[in-house]
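Structure below; questions to follow.
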Amino acid sequence: MIAFDTIAIEFDLTHHSVKQVALDELRVNAQEKNKLYWIHSNLNQEDAFKQLLEKLRLPTEVIQLCSEEKNLSNLVDNDNALTLKIKCLASLELNDNNEISLGNLVIHLTSNYCFTASHEPLPVLFEFFSSCSKSVHYAKTPGFILFLFIEGIINDYAKVLFSYEEIAEQFDSLLQTAHENIYKNVAEVKHQTLLIKRYMIAIREILMRITNRNILVISERCRSSLYNLSNHSHLIINEVDSIRELFNSLLGQIDNELMQKMSETMAILTAFAAIFLPLNLITGIYGMNFVWIPELHWQYGYFVALGLIFICAIFLYLLFKKKKWL
């Protein structure tokens, strides 16, 4: 769980080495071009965050983004720094209701260090911490840290989308075998994919803004890599649309089954209404208040009327049964 503690990592570009630095010993010197730093702040550790504020002299917009509870992604750039706030996954596992859990990651990039902050133990933090030693050989500027984080966030969304593809297959199999009414479950999962699309579009917009501007802390090599990530995010968005089409198809299939069941129910009710129609006609005729109705004074009139009603009912029932209306 070390990656979620407030931590500082030093990248030595000369010796291609990585080491952890204690906060008390952290000294970011802008003149040391051969050393880069990744500093992560667990925002739940307030004392450590205040210590970093003093050491790094974080600008107001960074502090504001760290304190905001808004879920919207954001981008702030100036001549010397680039600050992002990105919505990312707080877990790669779906909960019992097939819902994703999300968290905010603040990224502040300068020419010497990359500062990140979050309230949650995000998977992308652990992924970067475990792989950063392998990436130092390709490091030239702190932009490689930004690239690895955004790449990790996009890959996390792609992994969850694969889970939703499996869920769509499970729902389809359930409809084919159990014929259960899972309309609500499918609609809820479809809403989750909409959330993923919304946040992936926000990431794509951020990447497009970065790659279309001349930002000093973003090198040409880094800009090219981020442009490739922008294309990757576009592919993920298309994948989301494909999965949403699967869920739309499932919802349409459920609607068709419901309409079919309703039609069958209406057919049964109509058949029973047709059976009772001649019965009501017979009882209506002999229920009229006329003085002269010959059958009223007939000894067997009552039984004949009952027999006629019974014969009509049986005949219509067997007829509708043969035509499979019942």
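This chain uses plain numbering: 1 for the first residue, then up along the sequence.
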Indicate whether the side chain of Thr83 and that of Glu61 have a donor and an acceptor atom separated by less than 3.5 Å.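 Looking only at side-chain atoms, Glu61 and Thr83 do not form any donor-acceptor pair under 3.5 Å.
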
Test ring pair (Phe, Tyr, Trp, His ring centres under 6.0 Å) applied to His16 - qualifying residues, sequence neighbours left out: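 Scan of His16 (ring pair (Phe, Tyr, Trp, His ring centres under 6.0 Å), adjacent residues dropped) gives His137.
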
Partners meeting salt bridge (Lys or Arg N to Asp or Glu O under 4.0 Å) with Asp241 (sequence neighbours left out):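 With sequence neighbours excluded, Asp241 shows a salt bridge (Lys or Arg N to Asp or Glu O under 4.0 Å) to Lys197, given in chain and number order.
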
Short side-chain to backbone donor-acceptor contact, Thr211 and Met208, under 3.5 Å: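 Here the side-chain-to-backbone pair exists.
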
Are Phe11 and Phe144, when compared by the centres of their aromatic rings, separated by less than 6.0 Å?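 Judged by ring-centre distance (under 6.0 Å), Phe11 and Phe144 do meet the cut-off.
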
Side chain to side chain donor-acceptor pair (under 3.5 Å) with Arg244: which residues, sequence neighbours excluded?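 Not a single residue meets the side chain to side chain donor-acceptor pair (under 3.5 Å) criterion with Arg244.
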
Take the angle between the ring planes of His108 and Phe115 and call it parallel below 30°, perpendicular above 60°, tilted in between.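 Answer is perpendicular, since the angle exceeds 60°.
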
Once salt bridge (Lys or Arg N to Asp or Glu O under 4.0 Å) is applied, do any residues pair with Glu46, and if so which ones, sequence neighbours excluded?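 With neighbours one apart ignored, the set is empty.
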
Contact list for residues 201-210, test salt bridge (Lys or Arg N to Asp or Glu O under 4.0 Å), sequence neighbours left out: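 Listed by first then second residue: nothing to list.
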
Test of understanding: with side chain to side chain donor-acceptor pair (under 3.5 Å), list the residues that count as partners of Asn34, not counting sequence neighbours.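 For Asn34 the side chain to side chain donor-acceptor pair (under 3.5 Å) partners, ignoring immediate neighbours, are Thr14.
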
When you measure from the side chain of Ser224 to the backbone N and O of Glu220, does any donor-acceptor pair fall under 3.5 Å?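 Judged by distance alone, no pair lies under 3.5 Å.
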
For residues 156-168, which residue pairs pass the salt bridge (Lys or Arg N to Asp or Glu O under 4.0 Å) check, not counting sequence neighbours?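 The answer is none; no pair qualifies.
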
Could you tell me whether the side chain of Tyr164 and the main chain of Asn98 form a donor-acceptor pair under 3.5 Å?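 Yes; at least one donor-acceptor contact below 3.5 Å.
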
Mark yes or no for whether Asn95, through its side chain, and Asn97, through its backbone, hold a donor-acceptor pair below 3.5 Å.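 At least one qualifying donor-acceptor pair exists.
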
Quick one: salt bridge (Lys or Arg N to Asp or Glu O under 4.0 Å) partners of Lys19, sequence neighbours excluded?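 For Lys19 the salt bridge (Lys or Arg N to Asp or Glu O under 4.0 Å) partners, ignoring immediate neighbours, are Glu10.
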
Kindly write out the residues that satisfy side chain to side chain donor-acceptor pair (under 3.5 Å) with Asn44, not counting sequence neighbours, or none if the list is empty.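 Result, side chain to side chain donor-acceptor pair (under 3.5 Å) vs Asn44: Asn42.
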
Asp24: partners by side chain to side chain donor-acceptor pair (under 3.5 Å), with sequence neighbours left out: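 Expected list: Gln51.
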
Taking salt bridge (Lys or Arg N to Asp or Glu O under 4.0 Å) as the definition, give me every residue that meets it alongside Arg221, ordered by chain and number, with sequence neighbours left out.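 Per chain and number, Arg221 pairs via salt bridge (Lys or Arg N to Asp or Glu O under 4.0 Å) with no residue.
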
Please report the shortest heavy-atom distance between Ile282 and Cys312, naming the atom on each side.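 What the structure gives for the nearest pair is CD1-SG, 4.2 Å.
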
With Phe149 via ring pair (Phe, Tyr, Trp, His ring centres under 6.0 Å) - residues at least two apart: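 Partners of Phe149 under the ring pair (Phe, Tyr, Trp, His ring centres under 6.0 Å) test: Trp38, Phe128.
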
Can you confirm whether the side chains of His234 and Asn231 place a donor and an acceptor under 3.5 Å from each other?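 The answer is no; no qualifying pair exists.
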
